[in-house]
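Each remark here refers to the structure printed beneath this line.
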Amino acid sequence: MQTFKEKVLQVVSKIPKGTTLTYKQVAEKAGSPKACRAVGSIISKNYDPKIPCHRVIRSDGKIGNYNRGQDKKIKLLKSEGAI
DNA sequence: TAGTTGACCGGAA
DNA sequence: ATTCCGGCCAACT
């Protein structure tokens, strides 16, 4: 059992290729469905190449933000077939 | 320690 | 459909 931050990173790192999860879904899997905001904060600060944070999008179906730029995120999702 | 901020979400106008 | 407001959680100052 780890902290919420660790759990979130773990969940995100377990996202299969070509699959996109919403921040709320990640928060729910992490144990706090209402921590969707915290998830964004944690991921944004946790700059790690092992964490495919580009597979995490908003519930509205929008891309949201990304530490490398939304353009990179969109390209990655398109490359993986998530689009 | 307390206050503010942020890669969000859902509902209301 | 778009815009505004409140709420929840973690991190930063």
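Lettering follows sequence order; numbering is per chain, from 1. Because the structure is predicted, anything quoted here is derived from the model rather than measured.
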With a 3.5 Å cut-off and sequence neighbours excluded, list the donor-acceptor pairs that the side chains of residues 64-83 of chain A form with protein atoms.
unit_1: R68(A); atom_1: NE; unit_2: Y47(A); atom_2: OH; d: 2.7
unit_1: R68(A); atom_1: NH1; unit_2: Y47(A); atom_2: OH; d: 2.6
unit_1: R68(A); atom_1: NH2; unit_2: Y47(A); atom_2: OH; d: 2.4
unit_1: D71(A); atom_1: OD2; unit_2: K75(A); atom_2: NZ; d: 3.3
unit_1: K73(A); atom_1: NZ; unit_2: V56(A); atom_2: O; d: 2.6
unit_1: K73(A); atom_1: NZ; unit_2: I63(A); atom_2: O; d: 2.8
unit_1: K73(A); atom_1: NZ; unit_2: N65(A); atom_2: O; d: 3.3
unit_1: S79(A); atom_1: OG; unit_2: K75(A); atom_2: O; d: 2.7
unit_1: E80(A); atom_1: OE1; unit_2: R55(A); atom_2: NE; d: 2.8
unit_1: E80(A); atom_1: OE2; unit_2: H54(A); atom_2: NE2; d: 3.2
unit_1: E80(A); atom_1: OE2; unit_2: R55(A); atom_2: NE; d: 3.2
unit_1: E80(A); atom_1: OE2; unit_2: R55(A); atom_2: NH2; d: 2.7

Sub-3.5 Å pairs of nitrogen or oxygen atoms, protein against nucleotides 9-13 of chain C:
unit_1: dC9(C); atom_1: O2; unit_2: A38(A); atom_2: N; d: 3.3

*Just do the salt bridge (Lys or Arg N to Asp or Glu O under 4.0 Å) check on K62(A) and D60(A) with the steps written out, would you?*
CA-CA 5 Å; K62(A) 297 183 187 313; D60(A) 305 90; over 6 Å; no

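- Residues passing the side-chain hydrogen bond (donor to acceptor under 3.5 Å, both in side chains) test with R37(A): none are found, sequence neighbours excluded.
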Please set out all donor-acceptor pairs under 3.5 angstrom arising from side-chain atoms of residues 6-13 of chain A, sequence neighbours excluded.
unit_1: S13(A); atom_1: OG; unit_2: L9(A); atom_2: O; d: 3.1
unit_1: S13(A); atom_1: OG; unit_2: Q10(A); atom_2: O; d: 2.6

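- Computed from coordinates, the I63(A) CD1 to dC8(B) C1' distance equals 15 Å when rounded to whole Å.
- Residue contacts for D60(A): at a heavy-atom cut-off of 4.0 Å it reaches the sugar-phosphate backbone alone, with no base atom in range.
- When the P atom of dC9(B) is taken as reference, atom NZ of K62(A) falls 11 Å away, rounded to whole Å.
- E28(A) pairs by the side chain to side chain contact (heavy atoms under 4.5 Å, CB included) definition with Q25(A), P33(A), not counting sequence neighbours.
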